[in-house]
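A quick write-up on the structure given underneath.
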Amino acid sequence: MTVRTRFAPSPTGFLHIGGARTALYNWLYAKKNGGSFVLRVEDTDAARSTDDSAKVILDGLKWLGLEWDEGPGVEGKFGPYFQSQRQDIYDAYLEKLQKADLVYEDEGATRFRVPDKDMVVHDRICGDVAVNLKTAGSKRFDEATKQEVEANPDIVIRRPDGSYIFHFVNVVDDIEMKISHVIRGEDHLSNTPKHLALFEAFGVAPPIYAHIPLNLNPSGTKMSKRDQGALIHEYVQSGFLGAAVNNYMALLGWSSGDDQEVFSPEELLEKFDLSGVNKANSKFDFKKCLWVNGEHIRSLSIPDLQTAAAPFLESAGIDADDPRLLGALELARERAQLLSEIPPVIEPVFSADISITDAAREKLTGHVDIAKVCSTLVQSLTEVSDWSVDAIKAGINNAAESMEVKMGKLMLPCRVAVTGATSGADLVPMMVLIGKETTLQRIENLPSLLGG
RNA sequence: GACCCGUUCGUCUAGCGGUCUAGGACUCCGCCCUUUCACGGCGGCAACACGGGUUCGAGUCCCGUACGGGUCGCCA
C-alpha cells in the first residue's frame, strides 16, 4: 500500500502547536513508510479565510522542516491544494449523491441522508468505535436552554451559497488525493462516523484512521492561542530550534518505548510509530520544552549554531564575520536554552562598553576591597605576556597570592569588571576573547564605575 | 444533558497477569566537579483515581462510580 498522509489546516492566521503536532505525526508516518505527505488548505469558509493567513501556516511548517511532497507551491497530480479552488470537483461528487438520491434540499442548503445503522470506526489508536448517526443525530443539545431538542440527523454538506461544508470536502479530497492514513486530533473522532457514511455513499473504502490525543494547557483545558507555547511563530521569535520543537511535540503523546527523550530529526524518523502513541491527553510543559531545546543547542556544531543564531546575533549588532564569534559561540553553547540567550552572554566580547547590572553592583558592595582587588589584578595581569587561558589563570592566581586570599575571592569582582554581570560564560576564555588591553581597562575602570 | 475517548509521581511517560518494595525524563531540593554561571555526575522528594469482580496472582483483564477531555454548527 502506498502511504499518503495529509495535513489539512484551515487558514486561521497562525500555526497552532496542536496542528503542528498533527502535521508532524503525519509527516513522520509518511516519511517513515516511504510515502507522501500532502498539504491541503481547507479554506471553504470564505468568511474566515484571508490571503495571508495561509502563508503563516506554510511558513511555520517550513520552519519545522515539515516539507510537503504535494501542496501549495509543490504541485502534484491531485491539485489544486486549496479547497476554494476545487469547486468543480465537489460539484461532481455532489452529483453522484444526487443520482443515488442520497441528498435533498433543505432551506436552500443540501443535506446528506445519513444511514440508520452503526458506522464503525476502526481506529489505530482508539480501537473500534460504533455510532448510529440517525439515532445520535436526531437529538441536539441546546446550549441556551441546556436541553435536548429534536434535530435533523441528516448532515448539511452544502450551504445555500453553493459552498461546501467540512465533512463533505474533507472526504471528497481524501478520496481524490488518495489519502491512505488519516492521522488527526481526537476531537475529530466523533466526526468520523459521518465521514465513513460519506465514503460508503461514494462506494470508496475509507482510509485508515488514527486519532491522536490532544495537547492541553497546564490547567488541563484546550490550548488557546494565549497559552504559552501555543503558537509556532512564537517559538521562532524566542529562539527555539525547529528540530527541538518537533522533538518536544513528538514526546507529547508518544514515546519510543525505551527511555530516550532527546531525538535528532533522523532518530525521530527512525523510532516514530503509531503503536507508540498514547491514548490519554497530555498537558503542555514549557520548562521541559526549554530543556529539550537546550539539549538540541548543545548538540549543534559551531557553524550550525552560528547559522541558527544568526538572526539573534544580527539584531544584537554582533558582526557575523568577527573572528572572535566562533570562540564566543562555543562558550555560549554550553549554557543557552534559547538562541536568544546567546547574544547577552557573549556581548561583553563585542561591545566597547559594559554596564554593571544592579545585581552585580549589589553583590560587590561592601564585599571586598574592590579598589585593591582591581589594582592588584591589573598589576599582575599586565605582566601576562602570552594572553592565554593558562597564563591568565596564573596571573589571577599571582594576584590572589599577593593579597593572601583564595583565587575564588577575585573571580567575582573580575567577572563583574569584565562582563558587568555576576554570571555568564566561562570567564577566563571570555577574557582571552576580549583581549588583554580591553580586559585590563575594564578591571581598572570598575571602581569608578561602581562609585558612579 | 446524550454519545464517544481517556485516568501510573506536579508534568511527559515505561509498564502489554507474576521479574513492580512501579523504571526513566522535566521541575524542585541536596551533594560532587569547577574560578563564577552553566554543562555533567551522584542522590532525594513524588504516582498505579475509587469500588467490585475474574485469577493461585492485577498497575496490567472485566464491570460500575468518580473525575478529565472531546463531540453534539449552513467552523474546520
Side-chain angles (χ1 to χ4, degrees), chain A residues 8-12 19 42-45 47-49 83 106-111 121 123 125-127 129-132 135-137 139-143 145-148 151 153 155-161 163-167 169-170 184-193 211 213-216 218 220-222 248 251-262 276 278-292 294-295 298 331-337 345 392-393 396-397 400 406-412 414-416 419 421-428:
Chain A
S10 66
T12 49
E42 305 214 332
D43 55 351
T44 57
D45 186 3
R48 282 169 42 153
S49 304
Q83 289 185 330
D106 180 19
E107 294 180 14
T110 305
R111 280 184 188 270
V121 185
D123 194 272
I125 295 165
C126 305
V129 178
V131 173
N132 182 315
T135 319
K139 284 199 165 38
R140 202 190 87 232
F141 188 64
D142 186 68
E143 277 300 334
T145 61
K146 301 283 180 202
Q147 279 189 328
E148 296 222 307
I155 57 180
V156 173
I157 58 173
R158 195 175 73 152
R159 302 185 183 91
D161 68 2
S163 65
Y164 290 90
I165 301 296
F166 164 71
H167 303 295
V169 293
N170 191 269
R184 57 181 11 169
E186 200 211 84
D187 49 341
H188 284 293
L189 185 58
S190 298
N191 290 147
T192 308
H211 287 91
L214 269 22
N215 292 158
L216 309 174
T221 56
K222 214 170 178 178
Y248 182 66
L251 250 28
L252 284 176
W254 169 83
S255 87
S256 63
D258 54 30
D259 290 334
Q260 188 172 353
E261 306 263 349
V262 179
N278 223 52
K279 294 182 179 192
N281 293 345
S282 56
K283 288 179 192 160
F284 189 84
D285 180 359
F286 196 72
K287 280 189 173 163
K288 184 152 186 178
C289 187
L290 275 175
W291 173 78
V292 170
E295 293 295 305
R298 252 159 265 128
L331 295 178
R333 179 175 57 184
E334 297 308 310
R335 50 169 303 106
Q337 280 196 314
V345 169
I392 293 170
K393 274 188 188 174
I396 297 174
N397 207 31
K406 280 166 71 175
M407 189 174 166
K409 272 280 184 204
L410 303 189
M411 291 310 291
L412 183 68
C414 187
R415 171 178 288 283
V416 172
T419 70
T422 56
S423 68
D426 207 359
L427 181 57
V428 177

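Lettering follows sequence order; numbering is per chain, from 1.
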Partner set under salt bridge (charged side-chain N to carboxylate O under 4.0 Å, His left out) for Arg111(A), not counting sequence neighbours: Asp106(A)
Partner set under side-chain hydrogen bond (donor to acceptor under 3.5 Å, both in side chains) for Asn132(A), not counting sequence neighbours: Asp116(A), Thr135(A)
Thr419(A)-Arg415(A) side chain donor-acceptor pair, cut-off 3.5 Å: no
Distance test, side-chain N/O of Arg140(A) to OP1/OP2 of rA2(B), below 4.0 Å: no
Sugar-phosphate, base or nothing in reach of Gly253(A), heavy atoms under 4.0 Å: sugar-phosphate
Results of side-chain hydrogen bond (donor to acceptor under 3.5 Å, both in side chains) for Gln83(A) - residues two or more places apart only: Glu42(A), Asp173(A)
Sugar-phosphate, base or nothing in reach of Gln147(A), heavy atoms under 4.0 Å: nothing
By side-chain hydrogen bond (donor to acceptor under 3.5 Å, both in side chains) - contacts of Asp123(A) (at least two apart): His211(A)
Side-chain N,O (Lys279(A)) to OP1/OP2 (rG6(B)) below 4.0 Å: yes
Asn281(A) vs Glu186(A), side chain to side chain contact (heavy atoms under 4.5 Å, CB included): CA-CA, chis, key distance, verdict: CA-CA 9 Å; Asn281(A) 293 345; Glu186(A) 200 211 84; 4.3 Å; yes
Pairing partner of rC67(B) (Watson-Crick or G-U wobble, both distances under 3.5 Å): rG6(B)
Sub-3.5 Å pairs of nitrogen or oxygen atoms, protein against nucleotides 59-63 of chain B:
none

Under-3.5 Å N/O pairs linking protein and nucleotides 21-27 of chain B:
residue : atom : partner   : partner atom : Å
rG24(B) : N2   : Glu261(A) : OE2          : 2.8
rA25(B) : O4'  : Glu261(A) : OE2          : 3.3
rA25(B) : O2'  : Lys288(A) : NZ           : 3.4
rA25(B) : N3   : Lys288(A) : NZ           : 3.2
rC26(B) : O2'  : Lys288(A) : N            : 3.4

ring-ring contact (aromatic ring centres under 6.0 Å, His included) partners of Phe286(A), counting only residues at least two apart: Phe240(A)
Stacked pair Phe141(A)-rG1(B), distance under 5.5 Å, angle under 30°: yes
Sugar-phosphate only, base, or nothing, as touched by Gln83(A) at under 4.0 Å among non-hydrogen atoms: nothing
Gap in Å between the two C1' atoms, one belonging to rA58(B) and one to rA22(B), rounded: 13 Å
Rounded distance (Å) that lies between atom P of rA76(B) and atom CD of Glu42(A): 8 Å
Atom pairs under 3.5 Å: protein N/O with N/O of nucleotides 64-71 of chain B:
residue : atom : partner   : partner atom : Å
rG69(B) : O2'  : Asn281(A) : ND2          : 2.9

Listed partners of Glu295(A) passing salt bridge (charged side-chain N to carboxylate O under 4.0 Å, His left out), at least two apart: Arg298(A)
Glu143(A) CD - rA2(B) P separation (whole Å): 14 Å
Separation between the C1' atoms of rG70(B) and rC31(B), rounded to whole Å: 47 Å
5′-ward residue of the pair Arg298(A)/Gly257(A) relative to RNA chain B: Gly257(A)
Non-neighbouring partners of Asp142(A) that pass salt bridge (charged side-chain N to carboxylate O under 4.0 Å, His left out), sequence neighbours left out: Arg140(A)
Full working for side chain to side chain contact (heavy atoms under 4.5 Å, CB included) between Tyr248(A) and Asp285(A): CA-CA 9 Å; Tyr248(A) 182 66; Asp285(A) 180 359; 3.4 Å; yes
Upstream residue (5' side of RNA chain B) when Leu427(A) and Lys283(A) are each assigned their closest nucleotide: Lys283(A)
Sugar-phosphate only, base, or nothing, as touched by Asp426(A) at under 4.0 Å among non-hydrogen atoms: base
Polar side-chain contact Glu148(A)-rG1(B) base: donor and acceptor under 3.5 Å: yes
Partner set under salt bridge (charged side-chain N to carboxylate O under 4.0 Å, His left out) for Glu143(A), not counting sequence neighbours: Lys146(A)
Ser282(A): side-chain hydrogen bond (donor to acceptor under 3.5 Å, both in side chains) partners, not counting sequence neighbours: Asn215(A)
Distance-only donor-acceptor test (3.5 Å): side chain Arg335(A), base rC37(B): yes
Whole angstrom value for the distance that separates P of rA14(B) from CG of Leu251(A): 10 Å
